[in-house]
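Here, residue 1 is the first one in the sequence, and each next residue gets the next number.
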Amino acid sequence: MSNQEDRLKTLIGHAKEYGFVFPSSEIYDGLSATYDYGPYGVELKNNIRRYWWEAMTRLNANIVGLDAAIFMHPTVWKASGHVDAFNDPLIDNKDSKKRYRADVLLEEHIAKYEDKIAKEVEKGKKRFAEGFDEVQFRATNPNVKRAQDRIDAVEGRMKTALEANDLEAVRQLIIDEEIKCPMSGTANWTEVRQFNLMFATELGSVSGESSTIYLRPETAQGIFVNFLNVQKSARMKIPFGIAQTGKAFRNEIVARQFVFRMREFEQMEMQFFVKPGTEMEWYESWKAKRIAWHKALGMPEENYRFHDHIKLAHYANAASDIEFKFPMGFKELEGIHSRTDFDLKQHEEFSGKKLRYFDSETNESYVPYVVETSIGLDRMFLAVLSAAYQEEKLENGEERVVLRIPAPLAPVKIAVLPLIKKDGLPEKARAIIDSLKLDHNCQYDDKDSIGKRYRRQDAIGTPYCITVDHDTLTDDAVTIRDRDTMQQERVKIAELSKVVSAKVDMRGLLGKL
Ligand code: ATP
């Protein structure tokens, strides 16, 4: 098993054992690519959602929220292009009978060349030490240049083939590049076919009266069709944005990699409506704002990179992904797209209703352009969990698994631990929880040794453990232990809330934006 698979497996095991994520319907052997969030998982997920929501709506006076229904009128998906064009190219290996996304096979192939380049650059860094000039090295090193030429050639052919919807050319590229199935190791491929990703169901119970409706594959369309409702009711002036979080559904061809790719998942999307011609400025500004949102979390900076799309979706005039270094390598975490006026124009045409903005200052009316930011909540969850997970050797020779989750996102903020289960210590501990619980999510634990209790809290990422001992009864002070440094200090109970808040409050995070 590869190192990457090992890391992902370890994470999946930890997430299950410690109540973050369970396979769905596990007692029936699970349902592929569907997961349930456990007691700590749901807290982490809610905290990520809140961080996103407040960064969008509270910190931007010109962004308001919406919660649209999952079901929408079927014509919405005709207008948006999803009925005709929301397809992935699929390919099967005839020997292993495994199914793949043809574009993903090619992207992973390109990633191998990128790895080669990264290794050469590392070698160069070591060899030239101080005098290393990365730009020059990349431009002149023959191995790097050869790999980069291969990347450019494959990307070029892939772009042309996908844009022309030439599936035979996509297949030919896979064959020419000698891409093999990781399971069977052969290049015995079927032809490439298009596969629509939307789930369909029936509306209405009387036969003959029913009609096909879809589970939404993205939340964005609920925002587009409500554009005027929101603009008028909230008296918004362009530029303004509408933010929404909610479930989306896609019948993914290859749904592996834990909560990274699921058939039911949650999106956090914001559509920003701007004057035509200004969209590129806003596109750049949202790219900058979104990467700042990620970096404020303090997770390692080298885990992020931008990746500009080589094949633009039918609606976009610019698109970039924020990629994150997941256990399986760099993958898309968030998309920032300049969607032009495509969606609103399509809805005007299909609904016969005007979707225009009247600018009272210039007396003109126009269909706005849209810049959107779209992030998967579950992918963000996996990003946080995978960056947080660490196995550490301690000075005393013991080992601990610690989740260094950014403190404001941690599921439990404070664990209150009475040293022993008698002498009034449990009662004192519960009284402390009562004084803190309106501000923070607290947990009480009196089972096992203090060391074991610390380990349990480290494993779920609790930033602070508070120990109540006999002295507490007389000096009204407790020992507070920091998850990351494991340092302990004595703090007055009256000071506790302030000490803890400084690190765990969401305001610290939002204040950095
Ligand atoms: P991919 O190329 O990985 O399939 P995409 O480009 O189709 O993703 P978008 O349509 O841009 O994704 O969706 C916006 C965001 O929604 C993505 O950046 C991702 O975080 C999330 N997302 C998309 N599909 C899934 C899925 N199947 N499971 C979990 N999250 C998803």
Side-chain angles (χ1 to χ4, degrees), residues 2-4 7 103-163 173 176-179 260 279-313 316-338 371 373-375 379-380 383 386-387 512-513:
S2 75
N3 208 2
Q4 292 185 343
R7 282 195 54 206
D103 55 332
V104 171
L105 277 183
L106 286 165
E107 273 163 13
E108 284 173 355
H109 183 64
I110 290 170
K112 283 189 192 145
Y113 288 119
E114 282 171 348
D115 278 352
K116 257 190 206 158
I117 294 180
K119 281 201 186 109
E120 288 292 339
V121 170
E122 270 315 301
K123 270 203 275 177
K125 261 189 200 152
K126 278 206 189 106
R127 183 143 50 98
F128 297 109
E130 300 270 283
F132 184 63
D133 176 345
E134 186 168 332
V135 177
Q136 201 202 351
F137 184 81
R138 282 177 181 269
T140 51
N141 179 284
N143 292 341
V144 171
K145 273 174 60 186
R146 213 172 303 120
Q148 190 57 50
D149 287 348
R150 293 302 313 151
I151 294 177
D152 295 344
V154 176
E155 278 188 348
R157 280 180 69 186
M158 181 168 146
K159 180 173 188 292
T160 316
L162 288 174
E163 275 178 359
L173 182 54
D176 292 349
E177 286 298 310
E178 298 175 359
I179 297 176
F260 179 82
E279 72 274 12
M280 280 306 156
E281 278 163 52
W282 288 109
Y283 170 69
E284 292 303 333
S285 130
W286 277 107
K287 272 175 74 173
K289 275 195 167 195
R290 291 306 302 150
I291 196 74
W293 182 88
H294 287 282
K295 293 195 171 165
L297 287 170
M299 302 198 295
E301 301 240 334
E302 62 271 17
N303 282 357
Y304 303 91
R305 71 179 188 197
F306 276 108
H307 172 80
D308 294 330
H309 285 205
I310 54 164
K311 182 203 170 206
L312 291 175
N317 66 359
S320 188
D321 295 336
I322 294 176
E323 294 188 335
F324 186 81
K325 199 168 176 194
F326 288 100
M328 338 50 103
F330 271 104
K331 301 260 179 213
E332 171 177 346
L333 168 60
E334 167 158 11
I336 296 129
H337 312 130
S338 173
V371 173
T373 72
S374 174
I375 174 167
R379 283 194 191 175
M380 187 61 199
S386 60
K512 289 191 205 159
L513 300 179

### Query
Does NZ in K295 sit with more than 12 non-hydrogen atoms of other residues, nucleotides or ligands closer than 6.0 Å?
yes
### Task
For the pair L173 and H109, evaluate side chain to side chain contact (heavy atoms under 4.5 Å, CB included) and give the outcome as yes or no after the intermediate values.
CA-CA 11 Å; L173 182 54; H109 183 64; over 6 Å; no
Closest non-hydrogen atom pair between [X] and [Y], with its separation:
{"X": "R7", "Y": "S386", "value": "NH2-O, 4.0 Å"}
{"X": "F326", "Y": "R379", "value": "CE2-O, 3.4 Å"}
{"X": "A147", "Y": "I117", "value": "CB-CG1, 3.6 Å"}
{"X": "K512", "Y": "A296", "value": "NZ-O, 3.0 Å"}
{"X": "I179", "Y": "L105", "value": "CD1-O, 4.1 Å"}
{"X": "A292", "Y": "L513", "value": "O-CD2, 3.8 Å"}

Rounded distance (nearest 0.5 Å) linking atom [atom1] of [X] with atom [atom2] of [Y]:
{"X": "K287", "Y": "S338", "atom1": "NZ", "atom2": "OG", "answer": "11.0 Å"}
{"X": "D308", "Y": "I336", "atom1": "CG", "atom2": "CD1", "answer": "10.0 Å"}
{"X": "I151", "Y": "K112", "atom1": "CD1", "atom2": "NZ", "answer": "13.0 Å"}
{"X": "M158", "Y": "E163", "atom1": "CE", "atom2": "CD", "answer": "10.5 Å"}
{"X": "D152", "Y": "Y113", "atom1": "CG", "atom2": "OH", "answer": "11.5 Å"}
{"X": "H294", "Y": "L333", "atom1": "NE2", "atom2": "CG", "answer": "4.5 Å"}

### Message
Apply ring-ring contact (aromatic ring centres under 6.0 Å, His included) to residues F330 and F324 and explain how you reach the verdict.
### Response
CA-CA 5 Å; F330 271 104; F324 186 81; 7.9 Å; no
salt_bridge([X], [Y]) N-O dist < 4.0 Å:
{"X": "E122", "Y": "K119", "answer": "no"}
{"X": "R138", "Y": "E134", "answer": "yes"}
{"X": "K145", "Y": "E120", "answer": "no"}

### Query
Is there a donor-acceptor contact under 3.5 Å from the side chain of Y283 to the main chain of N317?
no
### Query
Is there a donor-acceptor pair closer than 3.5 Å between any side-chain N or O of N141 and the backbone N or O of N143?
yes
### Task
With R150 as reference, evaluate E114, E178, E177 under the salt bridge (charged side-chain N to carboxylate O under 4.0 Å, His left out) test and give the passing residue.
E177
Measure the shortest side-chain to side-chain distance between [X] and [Y] over non-hydrogen atoms and say whether it is less than 4.5 angstrom.
{"X": "F132", "Y": "V121", "result": "yes"}
{"X": "T373", "Y": "K289", "result": "no"}
{"X": "K159", "Y": "E155", "result": "no"}
{"X": "I322", "Y": "F306", "result": "yes"}

### Task
Check the angle between the aromatic planes of F128 and F137 and answer parallel, tilted or perpendicular using the 30° and 60° thresholds.
perpendicular
#### Entry: Member of H309, R305, H307 meeting the side chain to side chain donor-acceptor pair (under 3.5 Å) criterion with D321
H309
